[in-house]
Every structure is written in structure tokens, then in C-alpha cells.
Amino acid sequence: MLNRKSLSLILLAGFILRVIYAYYAIDVIHPDEHFQILEPAYSVVHGFGYLAWEWDVGLRSWFGPSLFIPVIKLASYFDINGGLDLVRWCKIFMALLFIPVGLQFNALLRQLKFSPHSIHLGNVLFALSATSLVWTTVTFSETESLFALWFVLPWILKVFHKNEATFKEMFLSGLFIVVPFWFRLQMLAWIGPFVILSFFFFHLSLKRFFHLALGSLSAVFIQGLLDYFTWGTFLHSTMTNIKFNLFKDVASTFGVDPWYGYGLKVFKDSLDPFFSYLLLFSVLIFIVLKMLKKTRTDHLDHPSLRVLWLSSLIFALVHSAIPHKEGRFLMSVFPILILTIVYCFEGISRSFKELQTSKIIPVGFSLLILCSTYLLINRKFDPYLPDSYASAIGPVYQHAKRNSLEGNVCTIGEHWSRGRGLLGYGFQGALVEIQDEPVLNLSNIHNNCDYLISKRNILGDFSQSPFPRPESIEDKFVGRYVYYLKKE
């Protein structure tokens, strides 16, 4: 009963914090998360929006944006057709999805036979750690694949443990495990090893493995059908993605990192140093105690853990071999790091019994992680994350809507045209990028711009300017961006 109450409080706190963060941190960690997900969904609902080059060649699947189509449609009934509030609606929607996934993650911890205190630690890390809180609020496609994967894993692993699993159970297991691939093609690097390793570690018969593979192929077939109806070719987005990223190596044009780049992202450039060092010291202490033979973990479900660990390791190695690296690419398997910390704590607690029996320990976990999350977010994250399409364009939308204005929006040296849908009606196709040159083209600005957005104060560049002063569109946004409103 106590575990159920504590779980409810943890998930409720996780949901509330995500809603608060969704309101104030209105941007995304990487611009792709906006113009590859929200803009396509917006274009379906409203008929216009920015579609990047990937959507011209059919490199993306429509599964990712499709989740947000009903959210954007619902928001339109409340006269929310663009701007910051629409982005917030989409992020609060992700916060709602967190709750059932959090319940399933708790079920996985129990299924792996961890002790109550270890389960509590895992739940708190999943719900309240800065890494989990920030990433699952300000990313979309990675969070979709993360939620899809960890929601189905407890049921699938339970099926694998059955001696006489039915055809239906194995078929559905194969189908469900491929669902994350619908949102992120790269998840094949995790799903493939997981299916193969499960055959060996769970001693699946050839018949059961065939049923599993049949379900997986059916999921790929569903993806192919969606591509056929949206792009005109079976598995079009998958084949095009492979063509551009493996054979043409387009991703490398956006930057390359050394093979150990993800190690740097976990520790040196960590989003959450507390989590990174908790992971490091937990593993080191566990290894020392293991060498001294002072800890045992024989009671845990090691076949499941080994399959999860090895699949995630292969996934990380495959991504390490790809020159272009972004931390979000590994976000889908982030919970495996939580499982590693929980596993180490389980072993360490076998040497120190009070860690398993003290009632103060769970409260201490919660307070420590909450404090670290609060400090990290306040230190590293103001409401404006890099590549701030939403925080730059959103105030213009709000100001225009409030004053019944229409017109063109110009940006100085920024690719904010990718946020076209954020401006809503009245600004269809009206985002113009002005080159940030030593001498600005004043005639071009005068003729084409009603609003002007810049990261620097360009007032000194104008002698006879149609934009005489920065416009305080919304006080809380002044300081990061300078807004100019043309004189009537």
C-alpha cells in the first residue's frame, strides 16, 4: 500500500513538474524537434507551415507528427492556432503520456525483482531527475520512441519468460517491440539485437522465435503501408533515410564528433552532472564490493537485464560509429542507465542492510534528486534554449493577435522561417530571412518587413529607419531578442 501511495506521489510530482517546465521552457533542445514534428502536424491541420527538405524527398515518416495532429486540432477549437500556447499544449500532451509509461517502468522494476527501496530510487530517477524531466518535455520524436519502447517492455519480457507462450502473445510481442521504429528509424539498431539476443537468453524455441519474427515483420509492413499512402512508395521514408544518411552521409554536413563523443556528452558536457556521477560512482562502488565478494544479486532477473544491457550497448556502439552525434539520438534508451544505477544500488544495499530497511532512505532519495534537479535547471536552463524558434517568433504571434495585426516578419541572420506555423493565420509564408551583413539592406527591410527580430540591437544601423526603437512586445522576452515594430 505504501509503495502504491509513494508511486502515485512520484508520478504526480513528475507530471506537475513537466507541466510547469513545459510552460516556461517553451523551446526544444534541437530545432529538428520543432520543424520535423510540430510544423508538419500543423500543416496537416491548418494547411500551411514549414516543411523542411526532408519532407520534400520523403525522408521522414508521418508517424511522429501524427500524434500531435489531434492536439493541434483540439487547440484550434479554443482559438489557439499558433504561438507559444500551442507549443505548450503539445508539451503538456507529452507530460500526460509520461504517466502510463511511468507506471510501466515501475512494473518493469518489480518484474526484475528489485527490492522496494531500489524500486523507489528507480521511480524517482525516471520521474524527477533533471535529465528525464528536461528531455521528455522538450523533445518529441525521441520521447515518442522512448515511451513506445519502455511502455511495452514489461509485457514482452513477461511473455518471454513463459514456457508455453501462445502464438498471439509472441506475435504481438514482435509487433509491439518494433513500434519505436515507427517514430525513429535508428531504433532498428536496438530492436534487431534485442530480438536476436532474446532467442538465446530466454531459450526461445524456433517455433516461438518464428512467431516473434512474424510479428516484427508485420510492424515493418505497417510502416511500409503508411509510407505507401503518404509518399507513394512502400517503405519510402526508410529507404530514403538510409540512402541519405548511410550512402550520401548528409548528416555529417551538420557536424562530426569523435567516436567517443557520446562519452563526453554523458560526463564532460552532461546535461545533468548529478546523474552522470551518480551512475559512475554507483558502478565503481558495486565493482569494488563485487571483487571483495561482499554483494550478491543472484535474486534478480538476469536474463532480462542482460538482454536490455547488451541491446543498449550495441545501440550505443552503432551510433558511436556514425560521425554525426547528438545527445538526443540515445535518449530512447536512457532508462537503461537508470536500471544500471538501481542494479548497483541493489548490490550495494546487500552489504549495508540499513539501506534496505531504513524509512529515511526513500525520502532522502526524493529530496536529493529534487534538489539537484531544481539547482541544475535554474543554473543551466533559462526559458530560452538554443535555436529558439518558439521563444523568438512566439511573442510576435501574441502581439499580432492581440492587436489584430497582419504582415511580414523578418529575422536578421536566423533560419526562423522554419517556425512558420507558429505565427498562425495572417502570416502565411510571411517569414523572411535578412542576411546579417556589415551594411544592412535598408530598402529591402523597409519594403518587406512589418516586424523585425534580431539577436543584437541594430538600431545604430539605421539612419532613417522605419523601426525607430525596440518594441517591448512581451517584457519577459526582452533581453534575448530585440523586436522592432514598424511605425504606422
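Note that these values count all heavy atoms, side chains included, but never hydrogens, waters or copies made by symmetry.
A distance-only check finds no donor-acceptor pair linking the side chain of Ser132 to the backbone of Leu128 [under 3.5 Å]. Distance alone, capped at 3.5 Å, is enough to place a donor-acceptor pair between the Asn123 side chain and the Ile119 backbone. With hydrogens and angles ignored, the 3.5 Å screen pairs no side-chain donor or acceptor of Arg208 with any backbone N or O of Leu204. Panel note: side chain Thr240, backbone Leu59; no donor-acceptor pair is recorded below 3.5 Å.
Annotation: side chain of Phe199 is not in contact with side chain of Leu212 (no heavy-atom distance under 4.5 Å). Residues Ile338 and Leu121 have side chains not in contact (no heavy-atom distance under 4.5 Å, counting atoms from C-beta outward). Side-chain atoms of Arg18 and Met94, non-hydrogen and from C-beta on, never get closer than 4.5 Å to each other. Between Ile242 and Leu185 the shortest side-chain heavy-atom distance falls below 4.5 Å. When side chains are defined from C-beta on, His120 counts as touching Ile10, because their heavy atoms get closer than 4.5 Å. Phe63 has its side chain out of reach of Glu144: every pair of non-hydrogen atoms, C-beta onward, lies at least 4.5 Å apart. Side-chain contact between Leu146 and Pro335 is present, with at least one heavy-atom pair separated by less than 4.5 Å. Using a 4.5 Å cut-off on side-chain heavy atoms (C-beta onward), Ile336 and Phe315 make no contact.
None of Phe98, Phe126, Phe114, Phe334 except one satisfies the ring-ring contact (aromatic ring centres under 6.0 Å, His included) rule with Phe105; the exception is Phe126.
Atom CD1 of Ile191 and atom CD1 of Ile196 lie 12.0 Å apart (nearest 0.5 Å). Between atom CG of residue Leu308 and atom CG of residue Leu108 there is a gap of 6.5 Å, rounded to the nearest 0.5 Å. Atom CG of Leu226 and atom OG of Ser237 lie 7.5 Å apart (nearest 0.5 Å). Rounding to the nearest 0.5 angstrom, the gap separating the CG atom in Leu86 from the CG atom in Leu38 is 7.5 Å. The line from CG of Leu11 to CD1 of Ile99 is 7.0 Å long, rounded to the nearest 0.5 Å. How far CZ of Phe329 is from NE2 of His319: 7.0 Å, rounded to the nearest 0.5 Å.
Residues forming a ring-ring contact (aromatic ring centres under 6.0 Å, His included) with His203 (at least two apart in sequence, or on another chain): none. For the side-chain contact (heavy atoms from CB on, under 4.5 Å) test, residues two or more places apart in sequence or in another chain that qualify with Val152 are Ile156, Phe176. For Ser332, the side-chain hydrogen bond (donor to acceptor under 3.5 Å, both in side chains) partners two or more places apart in sequence, or in a different chain, are Ser145. For Ser311, the side-chain contact (heavy atoms from CB on, under 4.5 Å) partners are Trp190, Pro193, Phe194, Leu197, Val307, not counting sequence neighbours.
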Glu346 vs Ser115, side chain to side chain donor-acceptor pair (under 3.5 Å): CA-CA, chis, key distance, verdict: CA-CA 7 Å; Glu346 182 78 11; Ser115 65; 2.9 Å; yes

Steps toward side-chain contact (heavy atoms from CB on, under 4.5 Å) verdict (Ser304, Gln111): CA-CA 10 Å; Ser304 297; Gln111 198 170 303; 5.7 Å; no

Derivation of the side-chain contact (heavy atoms from CB on, under 4.5 Å) call for Leu17 and Thr137: CA-CA 10 Å; Leu17 287 175; Thr137 305; over 6 Å; no

Trace of the side-chain contact (heavy atoms from CB on, under 4.5 Å) decision for Leu280 with Ser276: CA-CA 6 Å; Leu280 177 63; Ser276 299; over 6 Å; no

side-chain contact (heavy atoms from CB on, under 4.5 Å) between Val178 and Phe181, intermediate numbers included: CA-CA 5 Å; Val178 178; Phe181 156 72; 3.8 Å; yes

Side chain to side chain donor-acceptor pair (under 3.5 Å) assessment of Gln223 paired with Ser61: CA-CA 8 Å; Gln223 167 72 68; Ser61 168; 3.1 Å; yes

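Across every non-hydrogen atom of Ala95 and Phe15, the tightest pair is O-CD1, 3.5 Å. Taking each heavy atom of Leu300 and Leu112 in turn, the nearest pair found is CD2-O, 3.4 Å. Shortest non-hydrogen contact noted between Thr238 and Asp227 is N-OD2, 3.8 Å. Considering all non-hydrogen atoms of both residues, Gln36 and Trp55 come closest at OE1-NE1, 2.7 Å. In this structure, Ile314 and Ala189 approach most closely via the heavy-atom pair CG2-O, 4.1 Å. The shortest heavy-atom contact between Glu142 and Thr139 is CB-OG1, 4.3 Å.
Side-chain rings of Trp62 and Trp182 stay apart, their centers remaining 6.0 Å or farther from each other. Between Phe68 and Phe140, the ring centre distance stays below 6.0 Å. Between Phe209 and Phe160, the ring centre distance reaches or exceeds 6.0 Å.
With 3.5 Å as the limit, one finds no donor-acceptor pair spanning the side chains of Trp155 and Glu169.
Residue pairs that meet the salt bridge (charged side-chain N to carboxylate O under 4.0 Å, His left out) test with at least one member in residues 100-112, sequence neighbours left out, do not exist here. Residue pairs that meet the side-chain hydrogen bond (donor to acceptor under 3.5 Å, both in side chains) test with at least one member in residues 334-344, sequence neighbours left out, are Thr297-Tyr343, His302-Tyr343, Trp309-Thr340.
Within the cation-pi definition used here (under 6.0 Å to the ring centroid, within 45° of the axis), Arg88 qualifies as a partner of Tyr23.
Within 6.0 Å of atom NZ in Lys290, more than 12 heavy atoms from other residues, nucleotides or ligands are found, so the atom counts as buried in its surroundings.
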